[in-house]
Amino acid sequence: MAKIEASIPKGTRDFAPEVLVRREYIFDTIKKVFRKYGYQPLETPAMENLNVLTGKYGEEGDRLIFKILNSGDFLSKVKGDLGSQTSASLTSQISEKALRYDLTVPFARFVSKYHSTLPMPFKRYQIQPVWRADNPQNGRFREFFQCDADVVGTDSLIYEAELTALYLETFQKLGIRDAVVLINNRKILTGIAELIGMPDKLTEICVAIDKLDKIGEDAVKAEMDRRGIEPAKTDQIFEILNFQGNREEKLAYLKTKFENCPTGLTGVKEMEEVFSYLNSLLSNQNGILFDLSLARGLDYYTGTIFEVKCPSVKIGSLGGGGRYADLTGIFGVKDMPGVGISFGADRIYLVMEEKGLFQNIPLESTQILVVNFSEATTAASLAALATLRAANIASEIYPTPGKLPRQFKYADRKNIPWTLIIGEDEMKSGNCMLKNMSSGEQSTCKLDHVIRMVSL
RNA sequence: GUGGUUGUAGCUCAGUCGGUUAGAGCGUCGGAUUGUGGUUCCGAAGGUCGCGGGUUCGAAUCCCGUCUCCCACCCCA
C-alpha cells in the first residue's frame, strides 16, 4: 500500500496533550468570567449556508471564506459551458455551504431565527473554531478559535462598560497584566469624516488609521493619499487624532470641534456615558485607554469599538469588538442592536507562552500510577486502582508486569506525581507503598492513608 | 490572492566543488540492573534528503514545477 503523508492542511494544527491542557486553561478562565457576567453558552454548526456568509465581510472577506463542494455529481448540474464560467459564477453553482468565518454572523442568524423565544436582552457566549482561507503568519491560522460574548436586543451603554470590565478581569486572571483595552466610538470617527467634508470616505479613513501603530503616521498619510483623501484633509484628521490629554480633556476638545456636527457629538456623549458607568463599576481603570486612532476595519460597527493590545509582545490584537446598530436586518428582523467582544485564544496562548505564564499550570492529569509489580500482584493492584478511582483520584495502572525502571520512567514522562507499589511483601502485610516522584521519598502505609495524602 | 524564504533521522542541526555506504547531539528501544525512575556506561534501531519531473556517467547538492514552514502585503483574531 502506498504510504500517505501524515500532513495536515496549511494553517491548521494538531493540539498535543501538553498544549491542550494550557489551551483549556485559557478557555476555562474565559468561560468562567463569561458566566459570572451572565452570558449563556451557544454553539452553531461548523458550516452555514453560503448565502448567510457572503457579503458580510466585504470583498476581501468573501475571498477568504472556505466553500464546501456540493455532494454528488455537482459538475453535471452546472448550467452552460464549463470553460466559459468565471470562478464566481461557478462557485454559486457548485457550492451552497461554507465553513463559518466568524461567530458573529452565525449568532445573528441564530437570533433572527429564535428571537421570539429568547429572553431579551439576550446575552450569549460562544467558543468555537472559525476558518479563513488566509495565508498563515505568526498568530494567524486558517483554523482558529474565537471566544465571543455578545448582548443583543438593547442599546444600553451599560453593556459597553460591562464588557470592558469583563475584558480587564479576564486578562488579569490570565496573568497578562499589561493588556490594554482601547476604546473609541465610530460616531466620533464619522464626525471627523463629516468635519473634513468627506463622510463617504469613512471606511477608507478607518482602514488607514487602523494601521497607525503598526506603520506610523507618515505611512498612514501616504495610504490616505492613495485612497483619495487630500493631504490637507489628512492633516486636519491628524490634528484631532494627535490631541494629547486625558479622557475628559479629549472629550472637551472634541465637543468644541463637533459644535456643528450632531453625529460626532452623539459619539462624545456615548463615550461620556460609558465612562460614567465604568467609574461606578471599576475602581482601577489603568488598563483602559480612550484612543481616538482606534478605528477597526469591519464596517458593521456603528458605536463603541474595542480592541485589546499587549504592548510588550509583538503580535496583533488579542481581541476586539464593538457595537452594531443592526445585527439581524439582513435576516429580516428589525431593531436588534447589540454589542460584543471577542478573545483571540490562539494569540493569548502565544503571549502567555512568551511571558512564561504557564509555569503554574499543572501539566499532570493522572495523580497516581499504580505499579504493575508482577503477575501475582496484578489483581491486588487493580483492586487498589478501583478504590482510588472510587475516591475520585485520577489514577492508572501500568499495563505489563515487571521492569520497575520502565514503569517509573512512564510516570516521569506523564508528570505523574505519585506511584503506588503493591509488591509481594506489601500484599502479604495488606499495605502498599506510596512514592513521591519528585522527592523520591516513599513509605509503607494503608490504602486509605494514601487517599488522604494525595487528596491534600 | 501577491512577493520573498525554508524543508536532511522523532527533535535540533552538519553535509565542502555534483563523486563510493548521508553524519552528530538529544530522544527512542535493548542491555549492565528480576524491589526503585529522572545519573552513568555499552549496544541497536531509525532516512523515498518535502513531493514530482529535468540536466548528468553520477544529484541531498544544479534547473523547473508543486506542497509546506516562516516573513511581508492584503485583511484580520
Side-chain angles (χ1 to χ4, degrees), chain A residues 2-13 16 26 30 57-65 87 101-104 127-148 203 206-208 210-211 214-215 219 223 226 295-299 306-310 314-321 340-351 369 371-377 398 401-427 432-442 444:
Chain A
K3 194 173 81 178
I4 295 168
E5 215 179 317
S7 61
I8 56 175
K10 182 200 279 213
T12 64
R13 294 154 297 163
I26 294 173
I30 295 172
Y57 312 103
E59 275 172 57
E60 278 302 310
D62 283 357
R63 203 196 73 213
L64 300 177
I65 294 172
S87 299
Y101 178 90
D102 71 357
L103 301 178
T104 306
I127 299 178
Q128 285 189 282
V130 303
W131 294 269
R132 295 183 189 177
D134 206 358
N135 264 339
Q137 237 178 83
N138 188 24
R140 298 178 69 169
F141 305 94
R142 292 187 145 182
E143 178 185 62
F144 62 97
F145 278 73
Q146 285 190 333
C147 314
D148 278 23
T203 303
C206 285
V207 168
D210 192 42
K211 298 175 188 166
K214 196 171 172 186
I215 61 177
E223 175 150 351
R226 269 202 307 282
R296 295 195 56 80
L298 294 167
D299 6 305
F306 303 102
E307 196 152 299
V308 182
K309 297 230 160 115
C310 182
K314 197 198 158 206
I315 199 166
S317 65
L318 300 184
I341 56 169
S342 181
F343 288 85
D346 296 282
R347 289 184 178 177
I348 289 171
Y349 185 98
L350 292 172
V351 168
L369 174 74
V371 167
N372 195 346
F373 190 82
S374 68
E375 277 173 39
T377 64
Y398 196 79
K403 301 258 194 238
L404 249 46
R406 181 188 304 207
Q407 302 196 32
F408 287 132
K409 267 184 195 163
Y410 176 77
D412 271 337
R413 286 294 308 276
K414 284 191 75 171
N415 283 301
I416 298 173
W418 304 94
T419 49
L420 186 75
I421 303 162
I422 301 177
E424 268 102 31
D425 298 344
E426 287 79 11
M427 213 169 71
C432 55
M433 186 181 277
L434 182 67
K435 181 182 174 81
N436 181 316
M437 291 305 283
S438 52
S439 69
E441 285 169 27
Q442 55 188 38
T444 305

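Numbered from 1 within each chain, the chains take letters A, B, ... in sequence-line order.
- Looking at which nucleotide of RNA chain B each of A:Glu307 and A:Gly423 is closest to, the 5′-most match is held by A:Gly423.
- Here the shortest heavy-atom pairing between A:Ser342 and A:Asp148 reads OG-OD1, 2.7 Å.
- Residue contacts shown for A:Phe373 include a base, since a base heavy atom lies under 4.0 Å away.
- Whole-Å rounding puts the A:Leu434 CG to B:U36 C1' distance at 14 Å.
- Spacing between B:G10 and B:G50 at atom P, rounded to whole Å, works out to 13 Å.
- Nucleic acid contact for A:Gly440: base, since at least one base atom lies under 4.0 Å from a heavy atom of the residue.
- A donor N or O paired with an acceptor N or O is not found under 3.5 Å between the base of B:U34 and the side-chain atoms of A:Lys403.
- Rounded to a whole Å, the CG atom of A:Leu420 is 18 Å from the P atom of B:G35.
- The base of B:G35 lies close enough to the side chain of A:Glu426 for a donor and an acceptor atom to sit less than 3.5 Å apart.
- With contacts defined as side-chain heavy-atom distances shorter than 4.5 Å, the pair A:Asp62/A:Ile65 qualifies.
- Taken to the nearest 0.5 Å, the OG1 atom of A:Thr104 stands 7.0 Å off from the OH atom of A:Tyr57.
- Using atom P as the reference point in both B:U21 and B:G35, the two lie 49 Å apart (nearest Å).
- Taking the side chain as every heavy atom from C-beta outward, A:Asn436 and A:Trp418 approach each other to under 4.5 Å.
- Nucleotides B:G58 and B:U20 place their P atoms 15 Å apart, quoted to the nearest Å.
- A:Asp346 comes within 4.0 angstrom of no nucleic acid atom, judged by non-hydrogen atoms across all strands.
- Within 4.0 Å of A:Glu424, counting heavy atoms only, lies at least one base atom of the nucleic acid.
- Between the C1' atoms of B:C11 and B:C69, the separation comes to 16 Å (whole Å).
- Separating the P atom of B:C51 from that of B:U8 is a span of 10 Å, rounded to the nearest Å.
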Base-pair map of RNA chain B as dot-bracket, where | denotes pairing with a different strand and pairs are Watson-Crick or G-U under 3.5 Å: ((((..(..((((.....[...)))).(((((.......))))).....(((((..]....))))))..))))....
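- Taking the C1' atom of each, B:U68 and B:G7 are spaced 8 Å apart, rounded to whole Å.
- Residue A:Ser7 is classed as having no contact, given no heavy-atom separation below 4.0 Å to the nucleic acid.
- Under the stacking criterion of a centre-to-centre distance below 5.5 angstrom and an interplanar angle below 30°, A:Phe343 is not stacked against the six-membered ring of B:A77.
- In this structure, A:Arg296 places its CZ atom 14 Å from P of B:C75, rounding to the nearest Å.
- When the P atom of B:G35 is taken as reference, atom CD1 of A:Ile421 falls 12 Å away, rounded to whole Å.
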From CA spacing to verdict: side-chain contact (heavy atoms from CB on, under 4.5 Å), A:Tyr410, A:Thr419: CA-CA 10 Å; A:Tyr410 176 77; A:Thr419 49; over 6 Å; no
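- Distance A:Asp412 CG to B:U36 P: 16 Å, rounded to the nearest Å.
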Sugar-phosphate or base contact per nucleotide [nucleotides 67-74 of chain B; S, B, -; heavy atom under 4.0 Å]: -SS-SBBB
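- Judged purely by atom type and a 3.5 angstrom limit, A:Asn372 uses its side chain to pair as donor or acceptor with the backbone of A:Tyr398.
- Side-chain to base pairing of A:Gln442 with B:U36: one donor and one acceptor N or O lie within less than 3.5 Å of each other.
- Counting only distance, with no hydrogens or angles, the side chain of A:Gln407 and the backbone of A:Gly402 share a donor-acceptor pair below 3.5 Å.
- Closest to the A:Arg347 side chain, of the nucleotides B:C76, B:G35, B:G38, is B:C76.
- For the OP1/OP2 pair of B:G30 and a distance below 4.0 Å, the side-chain nitrogens and oxygens of A:Arg406 include at least one atom meeting the criterion.
- Remark: side-chain polar atoms of A:Arg142 are not paired, donor with acceptor, to backbone N or O of A:Pro136 under 3.5 angstrom.
- Comparing B:U6 with B:C26, their P atoms sit 29 Å apart, to the nearest whole Å.
- Atom name C1', nucleotides B:G38 and B:U16: the rounded distance is 41 Å, in whole Å.
- Across all strands shown, A:Leu318 has heavy atoms under 4.0 Å from sugar-phosphate atoms exclusively, and none from any base.
- In terms of position on RNA chain B, the residue among A:Ser439 and A:Arg413 whose nearest nucleotide sits closer to the 5' end is A:Arg413.
- Going from atom OH of A:Tyr101 over to atom P of B:C75 covers 11 Å, rounded to whole Å.
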Verdict with supporting geometry, A:Leu103 and A:Gln128, side-chain contact (heavy atoms from CB on, under 4.5 Å): CA-CA 8 Å; A:Leu103 301 178; A:Gln128 285 189 282; 4.1 Å; yes
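- A:Ser342 comes within 4.0 angstrom of no nucleic acid atom, judged by non-hydrogen atoms across all strands.
- Taking CE of A:Met427 as the reference point, atom SG of A:Cys432 lies at 13.0 Å (rounded to 0.5 Å).
- Heavy atoms only, all atoms of each residue included: A:Cys310 and A:Val351 are closest at SG-CG1, 3.9 Å.
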Verdict with reasoning, A:Arg132 to A:Phe144, per side-chain contact (heavy atoms from CB on, under 4.5 Å): CA-CA 9 Å; A:Arg132 295 183 189 177; A:Phe144 62 97; 3.8 Å; yes
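- Within 4.0 Å (heavy atoms only), A:Gly319 reaches sugar-phosphate atoms of the nucleic acid but no base atom.
- The separation between A:Glu375 atom CD and B:U34 atom C1' is 13 Å, rounded to whole Å.
- Note: CZ (A:Phe408) to P (B:U34) measures 14 Å, nearest angstrom.
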